[in-house]
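These notes concern the structure reproduced below.
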Amino acid sequence: MSAVVGVGLLGLGTVGSAVARILGERAKLIEAAAGRPVRLVGACVRDPAKARSVDVPTTADPFEILDDPEVALVVEVIGGVDPALDLHLAAFERGKHVVTANKELVAREWRTLHDAARSARRQLRYEAAVAAAIPIVAAARALGAVRPRVLRGLLNGTTTYICSRMETGASFAAALAEAQAAGYAEADPSADVDGWDPAYKLSILASILEGRWFPPDNVRRTSLRSVTPQDVAAAAERGKRLRYLAVADFGERATKARVGVEEVDAGSLEGRATGPQNVVTIETDLAGTLTFAGPGAGGDATASAILGDVIAIARAER
Ligand code: NAP
Ligand code: HSE
């Protein structure tokens, strides 16, 4: 058996804690998939005094993780650009691979991160950044020979959760509070309800499908905040449901992308989606129409994608 792969976590919140717990609980399964043992070395957090659900050595100094020779692979689940960007670059400079769920960073710093990984000859993987458990980043990469026509779907679990709970009588505020309590929302939930989070995810998918960076600022956004219980009821009377859709239309000349509230048929996949369910449909020329659905938020669903990336790196490095 080849050498142990040491993993360093940057962030030990909803996602980081799930990664740490599953790495411990499923050590044998992960070792079998990776072809070598994968061991969590430690985690960097903002507040080391905070009570944790997992037993992991913690530090407030990210360089204790980045400079540790036992750490071959860094999992960044802090979120945002600052300090995450500098930590990614520092990891590559030290010869570490990076796995992240941080869609804001990947979408905004697409070129910088990919260039840094290429220069360092290390892997940057971010399956968890889009649609959590659905392997949509891998799927989009597998479509390299096709011309995408339209990508459409639900890329944000929090807004689907809010829309579907408002259908069963919850207020917007109560539904958002439930989504936060379940660990689906971003640290600042305005990223969800004002559309930044699905705009980042749409930017990443469009960038992969088009083979060049599609900046997130090019995604037109309208907020979910203006939706009222009356809007939800009026849609229901027409046999419709309101959902927060992400759409990229890959036209002949330019790609147009938007996120916002739209009406969908109540019986459609999007209309039937509740809670953190994501749905992605990609219309293409060669491959017809492909549809993917599954849990798009939450600790375990996101950890599943992160550990898939960790295992892929560990296998490739044997
Ligand atoms: P979270 O629960 O807020 O956890 C963030 C973690 O980062 C916490 O452990 C926090 O430390 C730590 N942290 C914050 N600032 C730090 C700093 N300056 N230095 C060191 N550590 C710092 O967030 P999350 O929900 O796990 O999300 C993490 C990332 O995954 C985000 O990019 C998010 O978009 C992405 N993501 C989340 C989900 C989901 O369902 N939650 C799904 C897919 C992707 P303390 O614990 O000490 O506060
Ligand atoms: N806040 C995000 C969502 C987490 O609700 O979809 C998953 O990326």
Side-chain angles (χ1 to χ4, degrees), residues 8-21 42-54 56 58-66 74-88 90 99-109 126-134 136-137 153-164 175-176 178-202 204 224 244 246 259 273 275-280 294-306 309:
L9 271 172
L10 302 178
L12 195 60
T14 301
V15 178
S17 298
V19 170
R21 174 176 48 77
C44 173
V45 294
R46 190 169 28 200
D47 177 8
K50 198 189 268 187
R52 306 280 165 186
S53 61
V54 282
V56 183
T58 57
T59 173
D61 179 2
F63 289 91
E64 274 190 34
I65 302 290
L66 295 172
V74 171
V75 174
E76 184 271 305
V77 279
I78 292 174
V81 171
D82 181 29
L85 174 60
D86 288 344
L87 299 178
H88 280 235
V99 173
T100 189
N102 186 341
K103 71 284 293 201
E104 177 176 0
L105 183 69
V106 175
R108 288 208 172 282
E109 300 294 338
Y126 42 85
E127 184 60 71
V130 187
I134 305 174
I136 193 70
V137 168
L154 305 176
L155 288 177
N156 181 265
T158 300
T159 47
T160 304
Y161 189 95
I162 293 171
C163 290
S164 58
L176 173 57
E178 288 174 15
Q180 288 179 287
Y184 305 145
E186 295 301 296
D188 174 357
S190 58
D192 298 290
V193 297
D194 293 331
W196 278 113
D197 177 87
Y200 296 138
K201 293 165 176 168
L202 195 55
I204 292 170
L224 182 70
Y244 199 82
V259 296
Q277 179 88 348
N278 279 192
V279 177
V280 188
D300 284 2
T302 310
S304 162
I306 287 175
D309 279 347

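Values below: all heavy atoms of this structure, side chains included; hydrogens, waters and symmetry mates excluded. First listed ligand is number 1; within each ligand, the first listed atom is number 1. Residue numbers run from 1 in the order of the sequence given.
- Contact atoms of ligand 2 toward K103: 4 (C), 7 (C), 8 (O) (distance under 4.0 Å to a heavy atom of the residue).
- Those atoms of ligand 2 that come under 4.0 Å of a heavy atom in E186, given as number and element, are 1 (N), 2 (C), 4 (C).
- Side-chain atoms of D61 and T59 form no donor-acceptor pair, as typed in the model, at a separation below 3.5 Å.
- The heavy-atom pair separating Q180 from P189 by the smallest distance is NE2-CG, 3.4 Å.
- Of all atoms in ligand 2, numbered sequentially from 1 with element shown, those under 4.0 Å from a heavy atom of K201 are 2 (C), 3 (C), 6 (O), 7 (C), 8 (O).
- S17 contributes a side-chain N or O that, together with a main-chain N or O of L12, makes up a donor-acceptor pair within less than 3.5 Å.
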List, pair by pair, the atoms of ligand 1 and of the protein that are both N or O and lie under 3.5 Å apart, giving the separation rounded to 0.1 Å.
from     : atom 1 : to   : atom 2 : distance (Å)
ligand 1 : 2 (O)  : T14  : N      : 3.0
ligand 1 : 2 (O)  : T14  : OG1    : 3.4
ligand 1 : 9 (O)  : L12  : N      : 2.8
ligand 1 : 9 (O)  : G13  : N      : 3.0
ligand 1 : 11 (O) : R46  : N      : 3.1
ligand 1 : 21 (N) : R46  : N      : 3.4
ligand 1 : 26 (O) : T14  : N      : 3.2
ligand 1 : 26 (O) : V15  : N      : 2.9
ligand 1 : 34 (O) : K103 : NZ     : 2.7
ligand 1 : 34 (O) : E186 : OE1    : 2.6
ligand 1 : 34 (O) : E186 : OE2    : 3.2
ligand 1 : 40 (O) : G183 : O      : 3.3
ligand 1 : 40 (O) : G298 : N      : 2.6
ligand 1 : 41 (N) : G183 : O      : 3.0
ligand 1 : 46 (O) : K50  : NZ     : 3.3
ligand 1 : 46 (O) : R52  : NH1    : 2.7
ligand 1 : 46 (O) : R52  : NH2    : 3.3
ligand 1 : 47 (O) : R46  : N      : 3.1
ligand 1 : 47 (O) : D47  : N      : 2.8
ligand 1 : 47 (O) : R52  : NH2    : 2.9
ligand 1 : 48 (O) : R46  : NE     : 3.4
ligand 1 : 48 (O) : R46  : NH2    : 3.0
ligand 1 : 48 (O) : K50  : NZ     : 2.7

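- Residue-ligand proximity, Y184 to ligand 2, at heavy-atom distances under 4.0 Å covers atoms 1 (N), 2 (C), 3 (C), 4 (C), 5 (O).
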Audit row: H88, T100, side chain to side chain contact (heavy atoms under 4.5 Å, CB included) steps and yes/no: CA-CA 9 Å; H88 280 235; T100 189; 3.7 Å; yes
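- Here L155 contributes atom CG and D197 contributes atom CG; the two are 8.5 Å apart, rounded to the nearest 0.5 Å.
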For C44 and L66: C-alpha separation, side-chain torsions, deciding distance, then whether side chain to side chain contact (heavy atoms under 4.5 Å, CB included) applies. CA-CA 10 Å; C44 173; L66 295 172; over 6 Å; no
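- Counting heavy atoms closer than 4.0 Å to ligand 2, residue D192 contributes side-chain atoms (C-beta onward) but none from N, CA, C or O.
- Remark: side-chain polar atoms of D192 are not paired, donor with acceptor, to backbone N or O of A185 under 3.5 angstrom.
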Could you walk me through whether L154 and Q277 pass side chain to side chain contact (heavy atoms under 4.5 Å, CB included), step by step? CA-CA 8 Å; L154 305 176; Q277 179 88 348; 5.9 Å; no
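- Closest to atom 6 (O) of ligand 2 by heavy atom, among G157, A131, A129, is G157.
- Atom CD of E186 is separated from atom OH of Y200 by 9.5 Å, given to the nearest 0.5 angstrom.
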Using side chain to side chain contact (heavy atoms under 4.5 Å, CB included), reason through I306 and V77 one step at a time and then give a plain yes or no. CA-CA 10 Å; I306 287 175; V77 279; 3.7 Å; yes
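- At least one heavy atom of A185 lies less than 4.0 angstrom from ligand 2.
- Looking at atom 5 (O) of ligand 2, its nearest protein heavy atom turns out to be T158 OG1, 2.7 Å.
- Atoms of ligand 2 found under 4.0 Å from any heavy atom of N156, numbered from 1 in the order shown, are 2 (C), 3 (C), 5 (O), 6 (O).
- Of the heavy atoms in D197, only side-chain atoms (C-beta onward) come closer than 4.0 Å to ligand 2.
- The atoms of ligand 2 that sit less than 4.0 Å from any heavy atom of G296 are 6 (O), 7 (C), 8 (O).
- Between G275 and S164 the shortest heavy-atom distance is N-OG, 3.3 Å.
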